[in-house]
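Let me begin by presenting the structure, written as structure tokens, before commenting on it.
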Amino acid sequence: MESGLISVDRWKRGSEAYFLTHMHSDNTRGLCSKWSNGPLFCSPTTASLFPSRFPAFDLSLIRVVTLSSWISLSLRTPASGDAFTFHFMAIDAHHCPGSVMFLFRGDFGCFLYTGDFRWDSECDDAKATLADAINHFPVDVLYLDNTYCNPIYNFPSRHLIAPLVADIIASHPSHDIIIGVDSLGKEELLVRISRILNTKIWVWPERLHTMHLLGFKDIFTTDTTLTRVRAVPRQSFSIQTLVELNTMCPTIGIMPSGLPWVKRTYGGDANLSGSLITASYNARKNTNGPRKKNLQTVHKFHDYMYSVQYSDHSCFEEIGDFIKLVQPKSMKGIVASSSCYVDPLYYFGRICGTSQPPELLLMRPQQRRGNKAIPSC
DNA sequence: GCGATCAGCT
DNA sequence: CACAGCTGATCGC
């Protein structure tokens, strides 16, 4: 296979086909309304978000992919002009609405590009689809979302979190509530809170439009008089914001995040600074048994602010479960931004056999994001 | 003016 | 210190 013939979440010219795993800004960096480098394959839900995200985008470039089915694609290699045929399948990645991983197979072998994914207890459909697909076609190379590929990152399945958030809200019956969210993702958390508490949830106008595109009806509103629970853009969510809100109306904030500690503190109070990561790490080091779950799943770190461990990325344990299922011959992390980045082979290399020695990377890579192009194969 | 890149913030 | 995702400044064409 010619180098760069297809690209995943990478948009520079030179490829014959482009694949988008999901509509987050890291993955669409380089895409714009005028982009026209080739056909773009994505899930139906991701396709539905294009007109609002890229208003003048040439929709005729989009190839909507049915999930869980093998699809054949013939491309012409620019150098030789020869036809080149391979097969691919999109599998639900359970990261955000429309997110998929792509499984490719052809003369080059079989490889799986996960994009961002969450492999928690509600992914049985994807687990069955993937297990069946790779049963016939073993994976040679796994390109893995290794965001939390470190045993210090451990958090519960997402469905366990909504009742905890609902408890926080119910225990503040006369408070307004704000929950920090991004432009896409964490919808199921909000829906579950809405059901448990039988309340609508306020979102900002653009987010309501997205909710309607995603098929959510009646749960979300832009009318502040209908609910005391509001989902707000994460970048507008801070203790400073909450302090100001509390001068007008008692308000608490709830921040869902995979990270259990606090990066910044308010008013210089060092006691608020997050030492949880150390506590979690020591708990792991000091016991040879299974890690304790739910360690600080809910953390109140300020009078007005709670954090809950809710992530759309897999935790360490789930990454291990995923690799054990896939049994790849080799693998490579696709996230290289963290200074505590660890090559997945360091922890899970033995599952791949001994063909690749584990490598512990201690240096921050110069590039902020990993190169997500599929290399030559 | 536009896109790409980077610094900064939560 | 640390993540992911967004905003806004800056640079180069």
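Residue numbers start from 1 in every chain, and the chains themselves are labelled A, B, ... in the order their sequence lines are given, proteins ahead of strands.
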Between [N] atom [atom2] and [X] atom [atom1], what is the distance in whole Å?
X: A:His24; N: C:dA4; atom1: NE2; atom2: P; answer: 12 Å
X: A:Lys186; N: C:dA4; atom1: NZ; atom2: P; answer: 11 Å
X: A:Met255; N: C:dC3; atom1: CE; atom2: P; answer: 16 Å
X: A:Met23; N: C:dG5; atom1: CE; atom2: P; answer: 14 Å
X: A:His302; N: B:dT10; atom1: NE2; atom2: P; answer: 14 Å
X: A:Glu206; N: C:dC6; atom1: CD; atom2: C1'; answer: 14 Å
X: A:Leu184; N: C:dA4; atom1: CG; atom2: C1'; answer: 13 Å
X: A:Trp35; N: B:dA4; atom1: CH2; atom2: C1'; answer: 17 Å

Of the listed nucleotides [options], the one nearest the side chain of [X]:
X: A:Tyr153; options: B:dG3, C:dC3, C:dA4; value: C:dC3
X: A:Gln235; options: B:dG3, C:dT7, C:dC3; value: C:dT7
X: A:Lys34; options: B:dG3, C:dC3, C:dC6; value: B:dG3
X: A:Asp182; options: C:dC3, B:dG3, C:dG5; value: C:dG5

- Using side-chain hydrogen bond (donor to acceptor under 3.5 Å, both in side chains) as the criterion, list what pairs up with A:Asp125, not counting sequence neighbours. A:His94

- Which residue, A:Asp9, A:Asp116, A:Thr46, forms the side-chain hydrogen bond (donor to acceptor under 3.5 Å, both in side chains) with A:His22?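 Exactly one option meets the side-chain hydrogen bond (donor to acceptor under 3.5 Å, both in side chains) with A:His22, and it is A:Asp116.
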
- Query: Under 3.5 Å, is there an N or O donor on one side and an acceptor on the other linking the side chain of A:Arg29 and the base of B:dA4?
  - Reply: no

- Please say whether more than 12 non-hydrogen atoms of neighbouring residues, nucleotides or ligands are located less than 6.0 Å from NE2 in A:His87. yes

Under-4.0 Å side-chain N/O to phosphate OP1/OP2 contact, [X] with [N]:
X: A:Lys12; N: B:dA4; answer: no
X: A:Ser311; N: C:dC3; answer: no
X: A:Ser25; N: C:dC6; answer: yes

With a cut-off of 3.5 Å and sequence neighbours excluded, list every side-chain donor-acceptor pair involving residues 212-219 of chain A.
none

- Query: Is the shortest distance from a Lys or Arg side-chain nitrogen in A:Arg228 or A:Asp176 to a carboxylate oxygen in the other one below 4.0 Å?
  - Reply: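 No, A:Arg228 and A:Asp176 are not salt-bridged.
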
